[in-house]
Protein chains: 2
Amino acid sequence: MTSHAEILLSEPTLIAPVNAAKELFWRKGYDETSIEDVVCATGMNRYALYNAFGGKLELFLAVLESYFIERKNLFLTALSDPQGGPIAAIREVSEYCITEMTDRGAGCLMCDVAAEVGRYDKAVSERVLSYLEEIRSADEMALAQAEKCGDLNSAISPKEGAALLIANMLGVGAMARNGAGRQELLTVFNSCLRLLSRQSGAQNLEHRRRNPKTTTVKQVQN
Amino acid sequence: MTSHAEILLSEPTLIAPVNAAKELFWRKGYDETSIEDVVCATGMNRYALYNAFGGKLELFLAVLESYFIERKNLFLTALSDPQGGPIAAIREVSEYCITEMTDRGAGCLMCDVAAEVGRYDKAVSERVLSYLEEIRSADEMALAQAEKCGDLNSAISPKEGAALLIANMLGVGAMARNGAGRQELLTVFNSCLRLLSRQSGAQNLEHRRRNPKTTTVKQVQN
DNA sequence: TCTGATTTAGAACGCCTATTCTGAATGTGC
DNA sequence: GCACATTCAGAATAGGCGTTCTAAATCAGA
């Protein structure tokens, strides 16, 4: 069951245009990105663009699928064979995502921009939920590994923890879209990960010692 | 320093129109809500509408300010004098917000719809961040109370915990916008609150006993 | 180089929406 | 009841956008 979007993505010459369009949609949103913008950014002829994709919506669907595949690969490769342990792998992947967000002053393309399109097209929001479920499931497997190693907070199951991580990431995205800084987002994410990790007095003390009065460490941004 | 929007809100005859417009913007977003929609929903004359507010953007700013005031009151009254303790107050307020979201299939008006407008108008996104900071600060005070009672997980400070709650709520909103169900959202929120609460073996055992294999409780929605 | 197909750039079209305009309807003070 | 201001409904305007059309330019093959 390969979708129209997936067929488009198998065409090598379309990879660059899709990536350029992705960048636009991600930064500006769906409505605010005009075909004119896409024509300029891709360098592709308007006529050729319509020939290749069909229209703006179909182009966005291709972009979405491409983003999804990319993101899925990122998560699966990092989480399936984590050298530094599953928690470290989650941190690594998530911090990468946060960087992507703050670089663009945007949230998650899949969730935020797609939610815009989901108003027209129910299939899009269903696709988004299935994507979230896949990522959540990958997180869950990582947390299950962590549980085996005794690295997971026993107050929570891998399944719940994974859902919490997803929500946290989406929340961080919403903050990014409204202009929150990288350091603030990292602090939020790290709090979440800390609570998910096995609680120990030593660990807590360690954290409190490093962050007296828990003021945020000021750091030069970008 | 009273803004134009605040002056508008002090006019009693404009309260109903603002609320009707709020409902529209919340459910449909800014771009997708036309002035025609507003005219129909408010029953207000188009000419009168422009006379009263100035234009679509100004109308939205008034809606935003109204939402902000409402939400702030909700949080401040619930959290400033919590009968069942601060954690319970946070739960109550948050579950109310989740209901608002799922009723509309939307997230947070302030963050999600305003982020759309924030692309045109930098002042809007700054307003959003200041709103988030006010709510976060209210949460922080509640968590500080909880800390005094020994109800806060010692691994986290009230400040960090408050930021985490905000991000969690925004994430839950993003899920709601994409069609996630009420029960799923409540589960995510409750996981977050559980981790924020003081950890005790008894408490964890209690949770695990109630939720064997931590399957989500199926419940009729809406 | 010539011919026929393909690709290009950009004009043209049709639709939608925010905003303004206009003449009719309604209200107000006397 | 009358003069006048206000309010109304809906038409008109202006601009933007996705999409399609067209005539010129380019390319491919012999």
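Every chain is numbered from 1, with letters handed out A, B, ... down the list of sequences.
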Distance in angstrom units between B/Asn45 CG and C/dG27 P, rounded: 14 Å

Interatomic distance where CG belongs to A/Leu49 and P belongs to C/dT7 [whole Å]: 14 Å

With sequence neighbours left out, write down each residue that passes salt bridge (charged side-chain N to carboxylate O under 4.0 Å, His left out) with [X], or none if nothing qualifies.
X        : value
B/Glu133 : B/Arg136
B/Asp112 : A/Arg177, B/Arg177
B/Glu92  : none

Checking [Y] against [X]: is there a side-chain donor and acceptor pair closer than 3.5 Å?
X        : Y        : value
B/Arg127 : B/Ser130 : yes
A/Glu184 : A/Thr187 : no
B/Arg46  : B/Tyr50  : no

Range on DNA chain D touched by chain B - first to last nucleotide, heavy-atom distance under 4.0 Å: D/dC8 to D/dA9

Flag if over 12 foreign heavy atoms under 6.0 Å of OH, A/Tyr120: yes

Tabulate atom names and distances for all N/O pairs under 3.5 angstrom spanning the protein and nucleotides 20-22 of chain C.
none

Proximity to DNA chain D (any heavy atom under 4.0 Å), residues of residues 21-43 of chain B only: none

Cation-pi, B/Tyr30 ring and B/Lys56 (6.0 angstrom, 45 degrees): yes

Any B/Glu116 side-chain heavy atom under 4.5 Å of A/Glu32 side chain: no

Flag, side chain of A/Asp121 to backbone of A/Val117, donor-acceptor distance under 3.5 Å: no

